[in-house]
Amino acid sequence: MQSEPTPDLVIRTKDFSLRIIRMFSALPKTAVAQVLGKQVLRSGTSIGANLREANRSRSKSEFISKIGDCLKELDETAYWLELLTDSGILAPAKFAALREECDQLLAIFTTISKKTKAGMKSDP
């Protein structure tokens with residue numbers, strides 16, 4: 001029905017979630033760090049779950065919708081990570097790899113979304 005993401009992407013999003021969990025666990029116990037941390041924990045761990053839902057979709061439009069949810073959560077995660085580093089709670093150098101992975105996943109999901117939408121337009 002739709003071009004399903006590779007199993008590697010499922011593993012990659014799960015690994016990303018685990019990295020977010022470890023980052024949250026290492027945050028200072030200040031109120032600001034915990035509030036921002038819980039936001040990034042929620043958005044960063046929902047990406048893999050939404051991808052799994054996309055893989056079980058019953059139609060291309062449902063698939064596109066769930067991939068769109070992944071994009072929204074990735075963008076939100078990028079925002080919270082920016083706040084955590086820009087506020088000085090996280091050392092930018094220490095979490096540069098996590099932010100880079102978030103950017104790469106955004107690019108991958110954007111490509112999946114665009115290609116799937118293009119495929120829908122060319123379907124009879």
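For the pair F63 and T116, the minimum side-chain heavy-atom distance is below 4.5 Å. Two residues are said to be in side-chain contact when any heavy atoms from C-beta on lie closer than 4.5 Å; R42 and E76 meet this criterion. Between F16 and T45, every side-chain heavy-atom pair lies at or beyond the 4.5 Å cut-off. Side chains of R12 and I108 form a contact here, defined as non-hydrogen atoms less than 4.5 Å apart. No side-chain heavy atom of L81 sits less than 4.5 Å from a side-chain heavy atom of F95. Looking only at side-chain heavy atoms (C-beta outward), S87 and V32 stay at 4.5 Å or farther from each other.
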>> With side-chain contact (heavy atoms from CB on, under 4.5 Å) as the criterion, how do L27 and L36 come out once you've worked through the C-alpha distance, each side chain's angles and the decisive distance to 0.1 Å?
In response: CA-CA 10 Å; L27 285 175; L36 295 176; over 6 Å; no
> Hey, mind stepping through D69 and K66 against salt bridge (Lys or Arg N to Asp or Glu O under 4.0 Å) and telling me if it holds?
Replying inline: CA-CA 5 Å; D69 290 345; K66 283 297 167 188; 3.4 Å; yes
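Closest of all the heavy-atom pairs between C102 and L74 is SG-O, 3.5 Å. When every heavy atom of G37 is checked against every heavy atom of L84, the shortest pair comes out as N-CD2, 4.5 Å. Between G44 and T77, the shortest heavy-atom distance links the atoms N-OG1, 3.2 Å. V40 and I20 make their closest contact through O-CG2, 3.6 Å (heavy atoms, listed as atom of the first residue, atom of the second, distance).
Atom-to-atom distance recorded for M23:CE and L41:CG is 7.5 Å, nearest 0.5 angstrom. Note that the CG atom of L98 and the CG atom of D103 stand 10.0 Å from one another [nearest 0.5 Å]. Going from atom CZ of R99 over to atom CG of L90 covers 9.5 Å, rounded to the nearest 0.5 Å. Atom CH2 of W80 and atom OG1 of T85 lie 13.0 Å apart (nearest 0.5 Å). Between atom OG1 of residue T13 and atom CG of residue L51 there is a gap of 5.0 Å, rounded to the nearest 0.5 Å. Separating the CZ atom in F24 from the NZ atom in K38 is a distance of 5.5 Å, to the nearest 0.5 Å.
Formation of a donor-acceptor pair under 3.5 Å by the E62 side chain with backbone atoms of R58 is found in this model. The main-chain N or O of L71 is never found under 3.5 Å from a side-chain atom of D75 such that the two would form a donor-acceptor pair. A donor-acceptor pair under 3.5 Å is formed between the side chain of S25 and the backbone N or O of I21. One N or O on the side chain of S57 and one on the backbone of A54 form a donor-acceptor pair closer than 3.5 Å. The main-chain N or O of I67 is never found under 3.5 Å from a side-chain atom of E53 such that the two would form a donor-acceptor pair. Between the side chain of T110 and the backbone N or O of L106, at least one donor-acceptor pair lies under 3.5 Å.
Within a 6.0 Å radius of OH in Y79, no more than 12 heavy atoms belonging to other residues, nucleotides or ligands are found.
Residues I11 and I47 are members of separate hydrophobic clusters, defined by side-chain heavy-atom contacts under 4.5 angstrom among Ile, Leu, Val, Met, Phe, Trp and Tyr.
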